[in-house]
Amino acid sequence: MSNYWNSFTRKLDPYVPGEQPKDRKYVKLNTNENPYPPSANVLAAIKDAANDQLRLYPDPNCDELRGKIADHFQLDAEQVFIGNGSDEVLAFSFMTFFSPENPVAFADITYSFYKVYANLCSLSPKIIPLNNDFTLPADAFCEPNGGVVIPNPNAPTGRGLPIESIKYILNANKDQVVIIDEAYIDFGGSTAVPLIKDYPNLLVVRTLSKYSSLAGIRVGFALGQKDLINGLNTVKNSFNSYTIDRLAGAGAIAAIDDDAYYRDMAQKIIATRERTIMQLNAIGFSVIPSQSNFIFASHKTAAAEVIFHALREHGVLVRYFNQPRIDNYLRITIGTDEEMDKLMEALKDILK
Ligand SMILES: *Cc1c(COP(=O)(O)O)cnc(C)c1O
C-alpha cells in the first residue's frame, strides 16, 4: 500500500482470480474455462478482423453483435447491453441500479466478485445464508432489500435454481432490480430470459467465457427491458465508450452464429461431469448436484485443503476457498475425459 493511494483505494479488498500458472503444464481445472477450443469459424473471424481497419475505433454500440444476440434470444437490440466480460457488465450494473441507502442482497456462498463490487460502489451487502444443503432460501430474498444478485446456477456450488423460485423473487422485488447471472446456464439450468417481457426489474447477465470457450477475448452481455439497458449505457458511456475491441467483436458475432458447435461441446461436458461424479462417489467424495461445468466436492475423510495441495504436486489445479462453511470442499472444473482421468489417477494416488 502506498502513501499515494487515496483513502478509498486503501480500503478496497479486491477479487483474487484463480491462478494462471506459467511455471509448468498443469491439468487446469481451477477457473471454469471450457476445455474445448472455440469454433473454427470464431478463430477465422478473429484472424480476418486483424486487418488495417484496426487503426479505426470499433463501433461503440456494437450494433452488429447486439443484433445477433437479440435475434438469438428473440429480443430487440435495445434490450441488449454488451460489455468487456460479464464481470464488467456486473460492475456497471451495481453502479447503475443499487444505492448506498439500501443493501443489496446476495448469498453468503456465491460468486465472490459481488462483495467486491458492493465495496467498490460503497454499497452495503445484505448477506443471505444458503440452506445447509446449499439450496437458496428464496423467502429470504423477498425480505426488504435494495436489489438482488443471484447466479443461476450458483458458483461455486454448481446448484441450479428453479424458474419458479426466480419468479417468486421477481414478484416480491418489483421496486428494485434482480440480477440473474447466467454464466453457467447452458450446462443444464433453466434460463430466465423468457421472463424479461413480463418483468421490468429483471436483468439477465451472460458471458462468452464459459459456454462459448472465449474467456480470452472478454465479452459478456446483459438482457433486460429497454429502460434497464439505457441505464447501463449511461454508466458505460461515462466510463469508456469502446469496451469491445474489433477482434473481440468479430469473434463474438461468429460465436453466436455457431451455437450448434457449442451445444455439442456443452453436451460432452455434461456427460463428462456425470461420469466424473460417479467416479468421485466411488472413492468417498460427496458431490453437490451440478448444473454447471464444474462440481463442488467434499471427501468423507481427507481434508479438502490437503487434497488441494497434493493435487497441485501431481500437476492438477483445482480451486479451494478457505472460507467458513466451504473450507472442506474443492471446486473442480470439468475438463476433457482425458483430463478427468488424470484427476482420478492423482486422487487415487493421494488417497491410498
Ligand atoms: C466466470 C464468471 C463470471 C465472469 O465471466 P467473464 O465474462 O469472464 O467476466 C461472472 N459470473 C460468474 C458467476 C462467473 O463464474
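Ligands are counted one by one from 1 in listed order, and the atoms in each one are counted from 1 as well. All values below were derived from every heavy atom in this structure, side-chain atoms included, with hydrogens, water molecules and symmetry-related copies excluded.
- For the pair Lys268 and Tyr36, the cation-pi test (distance below 6.0 Å, angle within 45°) is passed.
- For the residues Gly216, Ser86, Ser292, the heavy atom positioned nearest atom 10 (C) of ligand 1 is part of Ser86.
- Taking a 4.0 Å cut-off on heavy atoms, Tyr184 registers as neighbouring ligand 1.
- With sequence neighbours left out, Ser241 forms a side-chain hydrogen bond (donor to acceptor under 3.5 Å, both in side chains) with Asn237.
- For atom 9 (O) of ligand 1, the closest heavy atom belonging to the protein is Arg218 NH2, 2.7 Å.
- Of all protein heavy atoms, the one closest to atom 13 (C) of ligand 1 is Asp181 OD2, 3.4 Å.
- A donor-acceptor pair under 3.5 Å is formed between the side chain of Ser39 and the backbone N or O of Val42.
- Interface of Lys210 with ligand 1, defined as ligand atoms under 4.0 Å from a residue heavy atom, comprises 1 (C), 2 (C), 3 (C), 4 (C), 5 (O), 14 (C), 15 (O).
- Contact atoms of ligand 1 toward Ser209: 6 (P), 7 (O), 8 (O) (distance under 4.0 Å to a heavy atom of the residue).
- Listed by number with element, the atoms of ligand 1 under 4.0 Å from a non-hydrogen atom of Gly85 are 7 (O), 9 (O).
- Donor-acceptor pairing under 3.5 Å is lacking for the side chains of Asp87 and Tyr15.
- Using a 3.5 Å distance cut-off with no hydrogens or angles, the side chains of Asn145 and Asn173 do pair a donor with an acceptor.
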